[in-house]
Amino acid sequence: MKDLSTKDIIKPLKTEKKIKVKPFSKAGLVIRLTLIALAGLTIYGFITFDYKNITFFEALAGSLTNFRVMFTEAHFNHFTFSEALYQVLITLCLALLTTIIGAIISLFLGLFAAQNLSSPLLSNSIKNVIAIIRAVPTVLWVLIFAVSAGLGSVAAVIGMTFHSVGYLVKAYSEAFEELDHGVIEALQAGGANWWQIVWQAVIPSTLTYLVSWTFLRFEINFAAAIAMGAAAGAGGIGFDLFMASNFYLDLREAGVITFFILAVAILLEIIAVRLKKYLKTAQ
Amino acid sequence: MTKLLELQGVSKTYGKNTVALSEINFSVNEGEFVSVIGPSGAGKSTLLRCINRMIDSTSGEINFDGQAVQKLNKKALRQFRTKIGMIFQHYNLVDRLTVFENVLHGRLGYKSTLAGAFGFYTDEEKRQALELLSILGLESQVYKRCDQLSGGQKQRVGIARALVQKPKLLLCDEPIASLDPNASKVIMDYLQTICKSMGITVMVNLHQVDVALKYSDRVIGISKGEVVYQGDPRFMKEEEIHHIYGSEAGELIFNLSEESHYVG
């Protein structure tokens with residue numbers, strides 16, 4: 001009796017098969033095969049690269065040296081701290097402007113695109129057009145508008161706004177569609193009309209979503225504004241980064257600009273988190 | 001007593017074959033407390049929503065306060081709906097707004113688009129809303145956000161929102177189905193008070209047969225989209241209740257003798 005341990009009582013089931021947690025499914029098999037194929041392709045790619053006599057470790061060491069120079073010896077050569085600050089401000093303004101214009105347009109289009117607030121025909125047509133706009137990358141939109149507006153800030157503002165609208169209409173309309181139908185019904189039953197319901201029920205209920213999507217888009221637009229400064233000559237810190245790295249070949253200056261951008265990005269993130277917290281608890 | 005509401009041959013079909021309501025006939029007098037009972041899916045909610053045209057009936061005539069409801073145009077419909085308050089099982093409040101704002105939503109039907117959209121209410125409207133909130137025992141919650149309230153409190157806010165419309169008729173779609181017995185009693189007592197002392201006609205969809213028998217002046221039984229019973233709850237027999245629900249004796253939870261005792 002004393003020596004009896006759990007081992008003796010619960011005997012291992014040797015003869016039985018493994019018990020499956022999930023039943024076999026076709027979809028699961030396809031996913032697994034795809035992953036295996038991708039892994040195989042990756043390995044094959046690395047083996048058959050044309051390395052042009054550069055050894056892996058030498059290249060790695062070179063890259064690390066460049067990174068070290070960039071980030072530990074960062075300092076200004078062609079402009080001053082205050083000038084850099086001014087350029088970051090320009091980039092931020094570009095992001096802010098496109099986000100605000102985009103948000104205002106998207107708010108109205110989003111209302112008409114929401115299934116529960118609009119007719120199926122209008123909703124579907126807006127959603128389809130928006131999907132096409134969204135499928136084309138921001139840079140491409142800017143370059144398309146540069147054909148008529150010329151390379152520069154005007155093309156950047158129009159192109160970035162365009163893509164922002166594509167993104168925000170989808171986000172907003174989905175937020176509106178999440179709203180409980182009963183709330184709309186209750187106000188309708190009391191005689192409220194469409195605009196009253198929108199401003200009194202739909203927007204107050206979805207405000208946190210709207211703000212967080214808009215802020216997320218602002219962060220994306222900030223990154224896009226830097227790229228536009230380099231690619232489309234829209235000015236701002238992006239253009240300086242482009243000049244430092246491609247024209248002056250100055251790693252140290254590229255480093256200091258990167259730090260600047262990083263600092264702003266972190267600041268934006270902190271503001272976003274605070275704002276969301278405030279909205280959630282606010283009366 | 002004057003007739004406030006009259007339904008004649010009202011039918012509602014979805015698509016070609018799905019019949020939700022067929023040939024509904026009844027009328028409701030001013031100041032009456034009417035309960036509608038019947039199994040789930042019998043068409044109780046559809047019936048209620050046909051009255052204030054949240055759902056358009058397919059055929060038949062609905063007359064409310066001397067108006068032919070189905071013939072109203074968009075503008076007249078809005079005006080007509082202000083005369084009918086509605087409360088819901090899930091309260092349907094805007095959770096992120098305060099109790100006060102939610103109650104004032106009941107006034108939207110009287111306001112211009114702009115004033116309503118931006119929430120400009122007159123002092124008179126605000127005073128009415130506060131008065132109703134104190135009648136319903138919510139004076140200490142006026143500036144609380146609705147997501148901080150209990151179910152019973154939310155339903156009282158829903159009632160206040162309906163009453164601030166100054167309605168002639170109050171439609172209640174399963175008002176106590178999500179509430180505990182205590183809160184249910186509080187809500188039903190308020191509805192009774194509203195009916196008896198404010199003179200507002202009340203029409204309630206209910207799942208609880210006991211409650212329907214206890215509170216109402218008249219019970220309407222609906223089964224498969226048809227009115228199968230109409231009458232005074234005091235004289236309602238057990239077989240008639242079983243007929244409404246299509247059940248056999250002993251299959252339902254209610255106590256007829258005890259309830260008629262209460263009423264009597």
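Convention: sequence-line order gives letters A, B, ...; per-chain numbering from 1.
- Most heavy-atom pairs under 4.5 Å with chain A, from the set B:G109, B:G85, B:A117: that is B:A117.
- Counting heavy-atom pairs closer than 4.5 Å to chain A, the top residue among B:V164, B:L97, B:T82, B:L104 is B:L97.
- Defined by atom type and a distance below 3.5 Å, a donor-acceptor pair is missing between the side-chain atoms of A:S118 and A:S123.
- Chain A forms more heavy-atom pairs under 4.5 Å with one residue of B:R107, B:K74, B:R49 than with any other, namely B:R49.
- When side chains are defined from C-beta on, B:K83 counts as touching B:Q67, because their heavy atoms get closer than 4.5 Å.
- Residue contact with chain A, scored on non-hydrogen atoms closer than 4.5 Å, is absent for B:Y91.
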- [ ] Begin with the C-alpha distance, continue with both residues' side-chain angles, and end with the deciding distance and a verdict on ring-ring contact (aromatic ring centres under 6.0 Å, His included) for A:W213 and A:F176.
- [x] CA-CA 13 Å; A:W213 280 116; A:F176 297 147; over 10 Å; no
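- Annotation: cation-pi pair B:K12/B:Y14 present, NZ/CZ under 6.0 Å from the ring centroid and within 45° of its normal.
- Aromatic ring centres of A:W199 and B:F120 lie farther apart than the 6.0 Å criterion allows.
- Between A:Y209 and A:Y172, the distance from one ring center to the other does not fall under 6.0 angstrom.
- Heavy-atom distances place the side chain of B:R161, and not its backbone, under 4.5 Å from chain A.
- Here A:V183 is the residue among A:V183, A:L179, A:D180 with the most heavy-atom pairs under 4.5 Å with chain B.
- Ring geometry for B:Y143 against B:F100 counts as perpendicular: the plane angle is over 60°, on a 0 to 90° scale with 30° as the lower cut.
- Within residues 124-138 of chain B, no residue has any heavy atom under 4.5 Å from a heavy atom of chain A.
- Side-chain atoms of B:T201 and B:N29 form no donor-acceptor pair, as typed in the model, at a separation below 3.5 Å.
- Side-chain contact annotation: B:Q70 with B:S57, donor-acceptor N/O pair under 3.5 Å present.
- Contacts between B:N52 and chain A at a heavy-atom distance below 4.5 Å involve the side chain alone, from C-beta outward.
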